[in-house]
S.K.: 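What follows is a structure written as C-alpha coordinates; I'll ask about it next.
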Protein chains: 2
Amino acid sequence: MDRTKDSPRARYREQTRSEIKDTALRQLAESGVAALALTRIAKEMGLSGPALYRYFASREDLLSALIRDAYDDAAAAVAQAVAQADAAAQGPRARLSTLAGAYRAWAVAEPHRYLLIQGAPVPGYVAPDDTRDRARAVLGPFLPVFAAGEPGAGISGLVAEMSAWHAGDDAVAAWVADYVPDAARDSARPAAALAGAVLVWAQLHGSVGLEAAGQFAGMGHSGGTLLAAQLGLLADCFALS
Amino acid sequence: MDRTKDSPRARYREQTRSEIKDTALRQLAESGVAALALTRIAKEMGLSGPALYRYFASREDLLSALIRDAYDDAAAAVAQAVAQADAAAQGPRARLSTLAGAYRAWAVAEPHRYLLIQGAPVPGYVAPDDTRDRARAVLGPFLPVFAAGEPGAGISGLVAEMSAWHAGDDAVAAWVADYVPDAARDSARPAAALAGAVLVWAQLHGSVGLEAAGQFAGMGHSGGTLLAAQLGLLADCFALS
DNA sequence: GAGGCATTGTGATGGCGCGTAACTCTGGTT
DNA sequence: AACCAGAGTTACGCGCCATCACAATGCCTC
(Lines give C-alpha, C1' and ligand atoms only; values in the text may rest on other atoms or scores of the structure.)
Protein backbone atom coordinates (compact mmCIF):
# COMPACT_ATOMS: atom_id res chain seq x y z
CA MET A 1 0.00 0.00 0.00
CA ASP A 2 2.96 2.24 0.57
CA ARG A 3 4.35 1.54 -2.84
CA THR A 4 1.27 2.62 -4.73
CA LYS A 5 3.19 5.68 -5.68
CA ASP A 6 5.66 3.72 -7.70
CA SER A 7 3.47 0.90 -8.89
CA PRO A 8 3.11 0.24 -12.61
CA ARG A 9 -0.49 1.35 -12.35
CA ALA A 10 0.51 4.68 -10.92
CA ARG A 11 3.24 5.15 -13.48
CA TYR A 12 0.91 4.44 -16.35
CA ARG A 13 -1.67 6.73 -14.86
CA GLU A 14 0.79 9.57 -14.58
CA GLN A 15 1.93 9.08 -18.11
CA THR A 16 -1.61 9.20 -19.42
CA ARG A 17 -2.32 12.35 -17.43
CA SER A 18 0.73 13.86 -18.98
CA GLU A 19 -0.34 12.87 -22.47
CA ILE A 20 -3.74 14.40 -21.89
CA LYS A 21 -2.15 17.64 -20.79
CA ASP A 22 0.10 17.68 -23.82
CA THR A 23 -2.83 17.23 -26.13
CA ALA A 24 -4.71 19.92 -24.27
CA LEU A 25 -1.82 22.33 -24.65
CA ARG A 26 -1.73 21.69 -28.36
CA GLN A 27 -5.41 22.48 -28.69
CA LEU A 28 -4.92 25.51 -26.50
CA ALA A 29 -2.18 26.84 -28.74
CA GLU A 30 -4.15 26.18 -31.86
CA SER A 31 -7.60 27.38 -30.99
CA GLY A 32 -7.58 29.08 -27.62
CA VAL A 33 -8.93 28.12 -24.26
CA ALA A 34 -12.55 28.37 -25.35
CA ALA A 35 -12.05 25.55 -27.81
CA LEU A 36 -10.45 23.20 -25.31
CA ALA A 37 -12.85 20.27 -25.08
CA LEU A 38 -12.36 17.02 -23.24
CA THR A 39 -14.25 15.19 -25.95
CA ARG A 40 -11.91 16.42 -28.64
CA ILE A 41 -8.88 15.58 -26.58
CA ALA A 42 -10.19 12.07 -26.13
CA LYS A 43 -10.91 11.67 -29.81
CA GLU A 44 -7.47 12.91 -30.69
CA MET A 45 -5.97 10.34 -28.35
CA GLY A 46 -8.09 7.54 -29.72
CA LEU A 47 -10.18 7.25 -26.58
CA SER A 48 -13.83 7.68 -25.88
CA GLY A 49 -15.00 10.79 -24.09
CA PRO A 50 -15.79 9.56 -20.59
CA ALA A 51 -12.44 7.81 -20.33
CA LEU A 52 -10.74 11.10 -19.54
CA TYR A 53 -12.82 11.49 -16.43
CA ARG A 54 -10.70 8.78 -14.86
CA TYR A 55 -7.82 11.25 -14.97
CA PHE A 56 -9.40 14.65 -14.51
CA ALA A 57 -12.58 15.18 -12.58
CA SER A 58 -13.77 17.88 -14.93
CA ARG A 59 -12.74 20.31 -17.59
CA GLU A 60 -12.14 22.81 -14.81
CA ASP A 61 -9.84 20.35 -13.09
CA LEU A 62 -7.78 19.90 -16.22
CA LEU A 63 -7.49 23.64 -16.63
CA SER A 64 -6.34 23.98 -13.04
CA ALA A 65 -3.61 21.46 -13.67
CA LEU A 66 -2.51 23.36 -16.76
CA ILE A 67 -2.47 26.59 -14.78
CA ARG A 68 -0.35 25.04 -12.05
CA ASP A 69 2.09 23.76 -14.64
CA ALA A 70 2.25 27.14 -16.31
CA TYR A 71 3.10 28.88 -13.05
CA ASP A 72 5.77 26.35 -12.34
CA ASP A 73 7.19 26.77 -15.80
CA ALA A 74 7.26 30.53 -15.53
CA ALA A 75 8.90 30.30 -12.13
CA ALA A 76 11.50 27.96 -13.57
CA ALA A 77 12.24 30.39 -16.37
CA VAL A 78 12.80 33.20 -13.91
CA ALA A 79 14.82 30.98 -11.61
CA GLN A 80 17.09 30.08 -14.45
CA ALA A 81 17.57 33.76 -15.19
CA VAL A 82 18.62 34.19 -11.58
CA ALA A 83 21.32 31.60 -12.00
CA GLN A 84 22.45 33.36 -15.12
CA ALA A 85 22.53 36.72 -13.38
CA ASP A 86 24.44 35.21 -10.48
CA ALA A 87 27.00 33.73 -12.80
CA ALA A 88 27.56 37.10 -14.43
CA ALA A 89 27.60 38.83 -11.05
CA GLN A 90 25.12 41.34 -12.36
CA GLY A 91 24.17 44.41 -10.38
CA PRO A 92 20.56 45.12 -9.45
CA ARG A 93 19.71 47.04 -12.60
CA ALA A 94 21.07 44.47 -15.02
CA ARG A 95 19.56 41.73 -12.90
CA LEU A 96 16.14 43.31 -13.14
CA SER A 97 16.48 43.38 -16.89
CA THR A 98 17.59 39.77 -17.01
CA LEU A 99 14.77 38.49 -14.83
CA ALA A 100 12.07 40.49 -16.54
CA GLY A 101 13.45 39.55 -19.93
CA ALA A 102 13.21 35.88 -19.03
CA TYR A 103 9.64 36.34 -17.89
CA ARG A 104 8.73 38.09 -21.11
CA ALA A 105 10.55 35.55 -23.24
CA TRP A 106 8.60 32.74 -21.64
CA ALA A 107 5.30 34.56 -22.07
CA VAL A 108 5.93 35.44 -25.69
CA ALA A 109 7.07 31.92 -26.49
CA GLU A 110 3.87 30.45 -25.09
CA PRO A 111 1.29 33.19 -25.11
CA HIS A 112 -1.65 30.86 -24.60
CA ARG A 113 -0.14 29.54 -21.42
CA TYR A 114 0.68 33.02 -20.24
CA LEU A 115 -2.89 34.11 -20.86
CA LEU A 116 -3.99 31.12 -18.88
CA ILE A 117 -2.32 32.37 -15.73
CA GLN A 118 -2.94 36.07 -16.21
CA GLY A 119 -6.35 35.76 -17.78
CA ALA A 120 -9.69 36.78 -16.47
CA PRO A 121 -11.26 34.41 -13.99
CA VAL A 122 -14.95 34.30 -13.19
CA PRO A 123 -16.37 37.14 -11.12
CA GLY A 124 -16.56 35.48 -7.73
CA TYR A 125 -13.12 34.04 -8.18
CA VAL A 126 -10.59 33.85 -5.38
CA ALA A 127 -7.23 32.35 -6.15
CA PRO A 128 -6.65 29.14 -4.20
CA ASP A 129 -3.74 29.32 -1.78
CA ASP A 130 -1.97 26.89 -3.98
CA THR A 131 -2.09 29.29 -6.92
CA ARG A 132 -1.17 32.27 -4.80
CA ASP A 133 1.96 30.52 -3.63
CA ARG A 134 2.95 29.63 -7.15
CA ALA A 135 2.51 33.21 -8.29
CA ARG A 136 4.73 34.30 -5.44
CA ALA A 137 7.34 31.82 -6.52
CA VAL A 138 7.47 33.56 -9.88
CA LEU A 139 7.87 37.02 -8.42
CA GLY A 140 10.06 36.09 -5.48
CA PRO A 141 13.37 36.46 -7.31
CA PHE A 142 12.54 40.10 -7.93
CA LEU A 143 12.39 40.83 -4.22
CA PRO A 144 16.14 40.97 -3.53
CA VAL A 145 16.66 43.21 -6.52
CA PHE A 146 14.53 45.92 -5.00
CA ALA A 147 15.61 45.23 -1.46
CA ALA A 148 18.94 46.58 -2.61
CA GLY A 149 17.38 49.84 -3.78
CA GLU A 150 16.10 53.00 -2.24
CA PRO A 151 12.50 53.70 -3.18
CA GLY A 152 11.98 57.25 -4.39
CA ALA A 153 9.70 59.73 -2.71
CA GLY A 154 7.10 59.38 -5.47
CA ILE A 155 6.08 55.92 -4.34
CA SER A 156 6.12 56.50 -0.61
CA GLY A 157 2.38 55.82 -0.43
CA LEU A 158 2.83 52.39 -1.91
CA VAL A 159 5.80 51.67 0.33
CA ALA A 160 3.73 52.57 3.38
CA GLU A 161 1.02 50.14 2.35
CA MET A 162 3.57 47.44 1.75
CA SER A 163 5.03 48.03 5.17
CA ALA A 164 1.65 47.52 6.80
CA TRP A 165 1.02 44.45 4.67
CA HIS A 166 4.35 42.95 5.66
CA ALA A 167 3.59 43.56 9.30
CA GLY A 168 0.12 42.09 9.17
CA ASP A 169 0.45 39.03 6.95
CA ASP A 170 2.69 36.24 8.15
CA ALA A 171 2.66 34.41 4.85
CA VAL A 172 3.95 37.49 3.09
CA ALA A 173 6.61 38.05 5.70
CA ALA A 174 7.73 34.46 5.22
CA TRP A 175 7.78 34.95 1.49
CA VAL A 176 10.03 37.97 1.77
CA ALA A 177 12.26 36.29 4.32
CA ASP A 178 12.63 33.39 1.93
CA TYR A 179 14.04 35.47 -0.87
CA VAL A 180 15.71 38.25 1.11
CA PRO A 181 17.31 36.45 4.04
CA ASP A 182 18.89 39.52 5.57
CA ALA A 183 15.75 41.62 5.35
CA ALA A 184 15.26 41.55 9.10
CA ARG A 185 18.38 43.64 9.47
CA ASP A 186 16.61 46.79 8.32
CA SER A 187 12.89 47.11 8.80
CA ALA A 188 12.56 49.27 5.69
CA ARG A 189 13.95 46.55 3.42
CA PRO A 190 10.86 44.34 3.24
CA ALA A 191 8.58 47.23 2.35
CA ALA A 192 10.93 48.37 -0.39
CA ALA A 193 11.24 44.85 -1.75
CA LEU A 194 7.49 44.37 -1.77
CA ALA A 195 6.83 47.70 -3.40
CA GLY A 196 9.28 46.86 -6.13
CA ALA A 197 7.81 43.43 -6.65
CA VAL A 198 4.28 44.74 -6.91
CA LEU A 199 5.37 47.46 -9.29
CA VAL A 200 7.31 45.12 -11.51
CA TRP A 201 4.37 42.73 -11.46
CA ALA A 202 2.12 45.47 -12.75
CA GLN A 203 4.67 46.58 -15.31
CA LEU A 204 5.12 43.06 -16.58
CA HIS A 205 1.44 42.41 -16.68
CA GLY A 206 1.01 45.62 -18.61
CA SER A 207 3.50 45.26 -21.38
CA VAL A 208 3.79 41.50 -21.56
CA GLY A 209 0.07 40.96 -21.21
CA LEU A 210 -0.73 43.30 -24.05
CA GLU A 211 1.92 41.71 -26.20
CA ALA A 212 0.80 38.16 -25.49
CA ALA A 213 -2.78 39.08 -26.25
CA GLY A 214 -1.68 40.30 -29.65
CA GLN A 215 -2.63 43.90 -29.03
CA PHE A 216 0.60 45.18 -30.50
CA ALA A 217 -0.08 43.65 -33.90
CA GLY A 218 0.46 46.26 -36.54
CA MET A 219 1.84 48.74 -34.09
CA GLY A 220 5.17 50.38 -34.50
CA HIS A 221 7.03 49.02 -31.54
CA SER A 222 8.32 45.85 -30.06
CA GLY A 223 7.30 44.51 -26.70
CA GLY A 224 10.92 44.38 -25.71
CA THR A 225 11.47 48.09 -26.20
CA LEU A 226 8.37 48.94 -24.23
CA LEU A 227 9.31 46.67 -21.38
CA ALA A 228 12.82 48.04 -21.31
CA ALA A 229 11.43 51.55 -21.07
CA GLN A 230 9.19 50.61 -18.19
CA LEU A 231 11.94 48.82 -16.33
CA GLY A 232 14.14 51.84 -16.79
CA LEU A 233 11.59 54.01 -15.00
CA LEU A 234 11.38 51.52 -12.21
CA ALA A 235 15.12 51.14 -11.81
CA ASP A 236 15.52 54.90 -11.70
CA CYS A 237 12.88 55.21 -9.04
CA PHE A 238 14.72 52.73 -6.85
CA ALA A 239 18.08 54.26 -7.71
CA LEU A 240 19.34 50.86 -8.75
CA SER A 241 22.88 50.61 -9.83
CA MET B 1 -37.51 53.62 -47.78
CA ASP B 2 -35.50 56.56 -46.64
CA ARG B 3 -37.33 56.78 -43.38
CA THR B 4 -36.61 53.20 -42.34
CA LYS B 5 -34.23 54.61 -39.83
CA ASP B 6 -36.96 56.28 -37.86
CA SER B 7 -39.83 53.94 -38.56
CA PRO B 8 -41.70 52.38 -35.64
CA ARG B 9 -40.30 49.04 -36.67
CA ALA B 10 -36.74 50.29 -36.46
CA ARG B 11 -37.36 51.92 -33.13
CA TYR B 12 -38.82 48.78 -31.64
CA ARG B 13 -35.98 46.75 -33.05
CA GLU B 14 -33.41 49.01 -31.53
CA GLN B 15 -35.14 48.89 -28.20
CA THR B 16 -35.21 45.10 -28.21
CA ARG B 17 -31.54 44.97 -29.13
CA SER B 18 -30.85 47.23 -26.23
CA GLU B 19 -32.87 45.10 -23.86
CA ILE B 20 -30.98 42.03 -24.99
CA LYS B 21 -27.70 43.75 -24.33
CA ASP B 22 -28.84 44.85 -20.89
CA THR B 23 -29.81 41.32 -19.99
CA ALA B 24 -26.51 40.08 -21.34
CA LEU B 25 -24.62 42.59 -19.23
CA ARG B 26 -26.44 41.44 -16.15
CA GLN B 27 -25.52 37.83 -16.81
CA LEU B 28 -21.99 38.93 -17.54
CA ALA B 29 -21.70 40.69 -14.22
CA GLU B 30 -23.19 37.79 -12.34
CA SER B 31 -21.49 34.80 -13.85
CA GLY B 32 -18.78 35.92 -16.21
CA VAL B 33 -18.45 35.83 -19.93
CA ALA B 34 -18.25 32.06 -20.10
CA ALA B 35 -21.77 31.78 -18.74
CA LEU B 36 -23.28 34.20 -21.20
CA ALA B 37 -25.77 32.12 -23.19
CA LEU B 38 -28.25 33.31 -25.78
CA THR B 39 -30.72 30.69 -24.63
CA ARG B 40 -30.67 31.96 -21.08
CA ILE B 41 -31.01 35.55 -22.18
CA ALA B 42 -34.04 34.60 -24.22
CA LYS B 43 -35.61 32.72 -21.36
CA GLU B 44 -35.02 35.59 -19.02
CA MET B 45 -36.74 37.90 -21.46
CA GLY B 46 -39.67 35.56 -21.96
CA LEU B 47 -38.70 34.70 -25.51
CA SER B 48 -37.80 31.51 -27.25
CA GLY B 49 -34.23 30.84 -28.13
CA PRO B 50 -34.16 31.38 -31.87
CA ALA B 51 -35.95 34.73 -31.54
CA LEU B 52 -32.70 36.38 -30.51
CA TYR B 53 -31.12 35.47 -33.79
CA ARG B 54 -33.34 38.11 -35.38
CA TYR B 55 -31.29 40.67 -33.49
CA PHE B 56 -27.82 39.22 -33.27
CA ALA B 57 -26.40 36.87 -35.84
CA SER B 58 -24.55 34.81 -33.25
CA ARG B 59 -23.24 34.80 -29.74
CA GLU B 60 -20.03 36.21 -31.14
CA ASP B 61 -21.94 39.05 -32.72
CA LEU B 62 -23.58 39.94 -29.45
CA LEU B 63 -20.23 39.93 -27.71
CA SER B 64 -18.81 42.20 -30.38
CA ALA B 65 -21.62 44.66 -29.77
CA LEU B 66 -20.95 44.57 -26.05
CA ILE B 67 -17.27 45.17 -26.68
CA ARG B 68 -17.99 48.15 -28.90
CA ASP B 69 -20.27 49.61 -26.26
CA ALA B 70 -17.67 49.08 -23.59
CA TYR B 71 -15.02 50.92 -25.58
CA ASP B 72 -17.40 53.77 -26.19
CA ASP B 73 -18.26 53.90 -22.52
CA ALA B 74 -14.64 53.93 -21.46
CA ALA B 75 -13.88 56.63 -24.01
CA ALA B 76 -16.78 58.68 -22.67
CA ALA B 77 -15.49 58.33 -19.12
CA VAL B 78 -12.08 59.61 -20.16
CA ALA B 79 -13.59 62.36 -22.27
CA GLN B 80 -15.59 63.55 -19.32
CA ALA B 81 -12.42 63.63 -17.26
CA VAL B 82 -10.90 65.83 -19.94
CA ALA B 83 -13.70 68.31 -19.56
CA GLN B 84 -13.18 68.24 -15.83
CA ALA B 85 -9.45 68.82 -16.20
CA ASP B 86 -10.09 71.64 -18.64
CA ALA B 87 -12.47 73.31 -16.24
CA ALA B 88 -9.90 73.17 -13.49
CA ALA B 89 -7.15 74.30 -15.85
CA GLN B 90 -5.01 71.42 -14.66
CA GLY B 91 -1.38 71.12 -15.66
CA PRO B 92 -0.10 68.01 -17.43
CA ARG B 93 0.75 66.11 -14.28
CA ALA B 94 -2.60 66.64 -12.58
CA ARG B 95 -4.33 66.00 -15.88
CA LEU B 96 -2.62 62.66 -16.27
CA SER B 97 -3.83 61.70 -12.84
CA THR B 98 -7.38 62.83 -13.60
CA LEU B 99 -7.60 60.96 -16.90
CA ALA B 100 -6.03 57.78 -15.59
CA GLY B 101 -8.17 57.97 -12.49
CA ALA B 102 -11.31 58.16 -14.59
CA TYR B 103 -10.18 55.18 -16.63
CA ARG B 104 -9.52 53.17 -13.50
CA ALA B 105 -12.77 54.23 -11.89
CA TRP B 106 -14.72 53.03 -14.89
CA ALA B 107 -12.85 49.73 -14.99
CA VAL B 108 -13.27 49.06 -11.30
CA ALA B 109 -16.94 49.97 -11.40
CA GLU B 110 -17.60 47.49 -14.19
CA PRO B 111 -14.82 44.96 -14.10
CA HIS B 112 -16.60 42.46 -16.31
CA ARG B 113 -16.92 45.01 -19.08
CA TYR B 114 -13.32 46.04 -18.66
CA LEU B 115 -12.19 42.45 -18.91
CA LEU B 116 -14.26 42.20 -22.06
CA ILE B 117 -12.17 44.80 -23.84
CA GLN B 118 -8.82 43.93 -22.38
CA GLY B 119 -9.33 40.20 -22.24
CA ALA B 120 -7.61 37.50 -24.17
CA PRO B 121 -8.88 36.97 -27.67
CA VAL B 122 -8.44 33.78 -29.65
CA PRO B 123 -4.97 33.00 -30.96
CA GLY B 124 -5.35 34.05 -34.56
CA TYR B 125 -7.14 37.19 -33.54
CA VAL B 126 -6.60 40.52 -35.23
CA ALA B 127 -8.56 43.47 -33.94
CA PRO B 128 -10.98 44.77 -36.54
CA ASP B 129 -10.27 48.34 -37.66
CA ASP B 130 -13.43 49.31 -35.94
CA THR B 131 -12.15 48.13 -32.58
CA ARG B 132 -8.73 49.62 -33.13
CA ASP B 133 -10.25 53.01 -33.70
CA ARG B 134 -12.34 52.79 -30.59
CA ALA B 135 -9.32 51.86 -28.52
CA ARG B 136 -7.55 54.89 -29.91
CA ALA B 137 -10.46 57.05 -28.93
CA VAL B 138 -9.95 55.96 -25.35
CA LEU B 139 -6.25 56.73 -25.33
CA GLY B 140 -6.36 59.83 -27.50
CA PRO B 141 -6.89 62.28 -24.66
CA PHE B 142 -3.60 61.16 -23.14
CA LEU B 143 -1.67 62.28 -26.22
CA PRO B 144 -1.65 66.03 -25.53
CA VAL B 145 -0.58 65.41 -21.96
CA PHE B 146 2.66 63.86 -23.09
CA ALA B 147 3.08 66.11 -26.07
CA ALA B 148 3.69 68.80 -23.48
CA GLY B 149 6.51 66.84 -21.86
CA GLU B 150 10.10 66.05 -22.57
CA PRO B 151 10.75 62.30 -22.69
CA GLY B 152 13.73 61.30 -20.61
CA ALA B 153 16.82 59.62 -21.99
CA GLY B 154 15.81 56.27 -20.53
CA ILE B 155 13.02 55.80 -23.05
CA SER B 156 14.80 57.08 -26.13
CA GLY B 157 14.55 53.67 -27.74
CA LEU B 158 10.80 53.70 -27.47
CA VAL B 159 10.59 57.27 -28.72
CA ALA B 160 12.63 56.35 -31.77
CA GLU B 161 10.26 53.52 -32.59
CA MET B 162 7.30 55.83 -32.14
CA SER B 163 8.86 58.33 -34.47
CA ALA B 164 9.21 55.73 -37.19
CA TRP B 165 5.69 54.53 -36.59
CA HIS B 166 4.31 58.02 -36.87
CA ALA B 167 6.13 58.54 -40.12
CA GLY B 168 5.04 55.27 -41.64
CA ASP B 169 1.39 54.92 -40.63
CA ASP B 170 -1.03 57.54 -41.90
CA ALA B 171 -3.84 56.45 -39.62
CA VAL B 172 -1.65 56.96 -36.60
CA ALA B 173 -0.51 60.34 -37.83
CA ALA B 174 -4.12 61.35 -38.25
CA TRP B 175 -4.91 60.10 -34.78
CA VAL B 176 -2.17 62.20 -33.25
CA ALA B 177 -3.12 65.23 -35.32
CA ASP B 178 -6.66 64.85 -34.09
CA TYR B 179 -5.75 65.14 -30.44
CA VAL B 180 -2.63 67.30 -30.69
CA PRO B 181 -3.48 69.84 -33.36
CA ASP B 182 -0.23 71.75 -33.16
CA ALA B 183 1.93 68.65 -33.27
CA ALA B 184 3.15 69.45 -36.75
CA ARG B 185 4.98 72.47 -35.36
CA ASP B 186 7.70 70.35 -33.83
CA SER B 187 8.50 66.99 -35.37
CA ALA B 188 9.53 65.57 -32.00
CA ARG B 189 6.11 66.17 -30.45
CA PRO B 190 4.24 63.27 -32.08
CA ALA B 191 6.85 60.74 -31.07
CA ALA B 192 6.80 61.97 -27.49
CA ALA B 193 3.02 61.92 -27.40
CA LEU B 194 2.89 58.39 -28.80
CA ALA B 195 5.55 57.12 -26.44
CA GLY B 196 3.62 58.51 -23.51
CA ALA B 197 0.37 57.07 -24.72
CA VAL B 198 1.82 53.61 -25.21
CA LEU B 199 3.49 53.72 -21.82
CA VAL B 200 0.38 54.87 -20.04
CA TRP B 201 -1.58 52.21 -21.87
CA ALA B 202 0.76 49.56 -20.56
CA GLN B 203 0.73 51.06 -17.06
CA LEU B 204 -3.04 51.15 -17.00
CA HIS B 205 -3.36 47.67 -18.36
CA GLY B 206 -0.96 46.51 -15.72
CA SER B 207 -2.42 47.92 -12.57
CA VAL B 208 -6.05 48.24 -13.59
CA GLY B 209 -6.09 44.90 -15.34
CA LEU B 210 -4.78 43.09 -12.30
CA GLU B 211 -7.21 44.91 -10.07
CA ALA B 212 -10.22 44.21 -12.27
CA ALA B 213 -9.30 40.56 -12.47
CA GLY B 214 -9.37 40.39 -8.70
CA GLN B 215 -5.69 39.58 -8.35
CA PHE B 216 -5.27 42.07 -5.55
CA ALA B 217 -7.78 40.32 -3.32
CA GLY B 218 -6.24 39.85 0.10
CA MET B 219 -3.22 41.90 -0.77
CA GLY B 220 -2.11 44.82 1.26
CA HIS B 221 -2.56 47.62 -1.19
CA SER B 222 -5.18 49.44 -3.15
CA GLY B 223 -5.23 49.69 -6.89
CA GLY B 224 -5.33 53.44 -6.59
CA THR B 225 -2.06 53.65 -4.74
CA LEU B 226 -0.34 51.38 -7.19
CA LEU B 227 -1.62 53.31 -10.17
CA ALA B 228 -0.60 56.61 -8.59
CA ALA B 229 2.89 55.27 -8.05
CA GLN B 230 3.15 54.18 -11.66
CA LEU B 231 1.85 57.46 -12.99
CA GLY B 232 4.35 59.26 -10.82
CA LEU B 233 7.19 57.41 -12.49
CA LEU B 234 5.80 58.24 -15.89
CA ALA B 235 5.26 61.90 -15.11
CA ASP B 236 8.79 62.18 -13.78
CA CYS B 237 10.18 60.60 -16.90
CA PHE B 238 8.43 63.17 -19.06
CA ALA B 239 9.28 65.98 -16.66
CA LEU B 240 5.64 66.93 -16.49
CA SER B 241 4.73 69.90 -14.41
C1' DG C 1 -58.54 51.67 -46.05
C1' DA C 2 -57.39 47.16 -47.80
C1' DG C 3 -54.29 44.01 -49.25
C1' DG C 4 -49.36 42.64 -49.58
C1' DC C 5 -45.36 41.59 -47.44
C1' DA C 6 -41.47 42.39 -44.48
C1' DT C 7 -40.64 41.57 -39.82
C1' DT C 8 -41.12 39.02 -35.71
C1' DG C 9 -41.69 34.93 -33.26
C1' DT C 10 -42.43 29.73 -32.70
C1' DG C 11 -41.54 24.67 -32.47
C1' DA C 12 -38.74 21.13 -34.48
C1' DT C 13 -34.31 19.62 -35.47
C1' DG C 14 -29.26 18.53 -35.57
C1' DG C 15 -24.86 18.89 -33.66
C1' DC C 16 -21.63 19.22 -29.96
C1' DG C 17 -19.77 19.22 -25.40
C1' DC C 18 -20.12 18.18 -20.31
C1' DG C 19 -20.75 14.94 -17.00
C1' DT C 20 -23.04 10.46 -14.96
C1' DA C 21 -24.34 5.61 -14.81
C1' DA C 22 -24.06 0.83 -15.65
C1' DC C 23 -21.38 -2.51 -17.54
C1' DT C 24 -17.15 -5.21 -19.33
C1' DC C 25 -12.53 -6.59 -19.28
C1' DT C 26 -7.75 -6.62 -18.30
C1' DG C 27 -3.79 -7.07 -15.56
C1' DG C 28 -1.61 -5.96 -11.12
C1' DT C 29 -2.01 -7.49 -6.44
C1' DT C 30 -2.14 -10.66 -2.93
C1' DA D 1 -4.30 -18.80 -9.20
C1' DA D 2 -8.10 -15.96 -7.87
C1' DC D 3 -9.62 -11.53 -6.97
C1' DC D 4 -10.72 -6.99 -7.72
C1' DA D 5 -9.25 -2.16 -8.48
C1' DG D 6 -8.94 0.50 -12.19
C1' DA D 7 -9.29 1.53 -17.23
C1' DG D 8 -12.36 1.80 -20.85
C1' DT D 9 -16.83 1.37 -23.30
C1' DT D 10 -21.72 2.42 -24.68
C1' DA D 11 -25.93 4.78 -23.47
C1' DC D 12 -27.98 8.65 -21.61
C1' DG D 13 -29.69 13.44 -20.06
C1' DC D 14 -28.85 18.16 -20.13
C1' DG D 15 -27.78 22.68 -21.96
C1' DC D 16 -26.36 25.43 -25.58
C1' DC D 17 -25.58 27.05 -30.51
C1' DA D 18 -27.52 27.60 -34.81
C1' DT D 19 -30.76 26.60 -38.80
C1' DC D 20 -35.22 25.66 -40.95
C1' DA D 21 -39.92 25.76 -42.08
C1' DC D 22 -43.97 27.78 -40.74
C1' DA D 23 -47.47 31.02 -38.51
C1' DA D 24 -49.00 35.61 -37.08
C1' DT D 25 -48.70 40.43 -36.57
C1' DG D 26 -48.95 44.93 -38.13
C1' DC D 27 -46.44 48.54 -41.03
C1' DC D 28 -46.53 50.48 -45.81
C1' DT D 29 -47.85 51.18 -50.18
C1' DC D 30 -51.22 51.91 -53.46
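In what follows, chains are A, B, ... by sequence order, proteins preceding strands, each numbered from 1. Quantities reported herein were computed from a predicted structural model and do not represent experimental measurements.
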S.K.: Check the distance between C:dT8's C1' and B:R17's CZ and give it to me in whole angstrom.
M.R.: 15 Å

S.K.: Tell me which residues in residues 42-51 of chain A put a heavy atom below 4.0 Å from DNA chain C, sorted by number, or none.
M.R.: A:P50

S.K.: Name the closest nucleotide to the A:R54 side chain, picking from C:dA22, D:dA18, C:dT8.
M.R.: C:dA22

S.K.: Mind calculating the distance between CD (A:E14) and P (D:dA7) to the nearest angstrom?
M.R.: 11 Å

S.K.: If only atom types and distance count, is the side chain of B:R17 paired as donor or acceptor with the main-chain N or O of B:Y55 below 3.5 Å?
M.R.: yes

S.K.: Would you indicate which nucleotide in C:dG17, D:dC16, C:dC18 comes nearest to any side-chain atom of B:A37?
M.R.: D:dC16

S.K.: Is a donor on one side and an acceptor on the other found under 3.5 Å between the side chain of A:R59 and the backbone of A:L36?
M.R.: yes

S.K.: If only atom types and distance count, is the side chain of B:S222 paired as donor or acceptor with the main-chain N or O of B:T225 below 3.5 Å?
M.R.: yes

S.K.: Salt bridge check, A:R26 against A:D22: does any charged N sit closer than 4.0 Å to a carboxylate O?
M.R.: no

S.K.: Which whole-number value in Å describes the distance from B:L52 CG to D:dT19 C1'?
M.R.: 14 Å

S.K.: Can you establish whether the number of heavy atoms outside A:E44 located under 6.0 Å from its atom CD is more than 12?
M.R.: yes

S.K.: Heavy atoms only, 4.0 Å cut-off, all strands: where does B:Y55 land among base, sugar-phosphate and nothing?
M.R.: sugar-phosphate

S.K.: Does a side-chain N or O of A:S7 approach OP1 or OP2 of C:dT29 to a distance below 4.0 Å, or not?
M.R.: yes

S.K.: Please classify the nucleic acid contact of B:S58 as base, sugar-phosphate, or nothing, using heavy-atom distances under 4.0 Å.
M.R.: sugar-phosphate

S.K.: Separation of A:R9 atom CZ from D:dC4 atom P, in whole Å?
M.R.: 14 Å

S.K.: In whole Å, what is the span from the CD1 atom of A:I20 to the C1' atom of D:dA7?
M.R.: 11 Å

S.K.: May I ask you to say whether A:D69 pairs ionically with A:R113, meaning some side-chain N is under 4.0 Å from a carboxylate O?
M.R.: no

S.K.: State which of C:dG19, C:dA6, C:dG27 makes the closest approach to the side chain of A:Y53.
M.R.: C:dG19

S.K.: For B:R54, is there any backbone N or O sitting under 3.5 Å from a side-chain donor or acceptor partner on B:R13?
M.R.: yes

S.K.: Taking B:E14's backbone N and O only, do any of them form a donor-acceptor pair with B:S18's side chain (distance below 3.5 Å, no angle check)?
M.R.: no

S.K.: To 10°, what angle do the rotation axes through the five end pairs on each side of the helix from C:dG1-D:dC30 to C:dT30-D:dA1 form?
M.R.: 10°

S.K.: Given B:W175, which of B:H166, B:R132, B:R136 fulfils the side-chain contact (heavy atoms from CB on, under 4.5 Å) condition?
M.R.: B:R136

S.K.: Side chain of B:Y12 only, heavy atoms from C-beta on: which candidate in C:dT8, D:dG6, D:dA18 is closest?
M.R.: C:dT8

S.K.: Can you check the A:R13 CZ to D:dG6 P distance for me, whole Å?
M.R.: 8 Å

S.K.: Round to a whole Å and report the spacing from CZ of B:F56 to P of D:dC16.
M.R.: 18 Å

S.K.: When the distance from CG of B:L63 to P of D:dC17 is rounded to whole Å, what number comes out?
M.R.: 10 Å

S.K.: Distance-only, no hydrogens or angles: does the A:T16 side chain make a donor-acceptor pair with backbone N or O of A:Y12 under 3.5 Å?
M.R.: yes

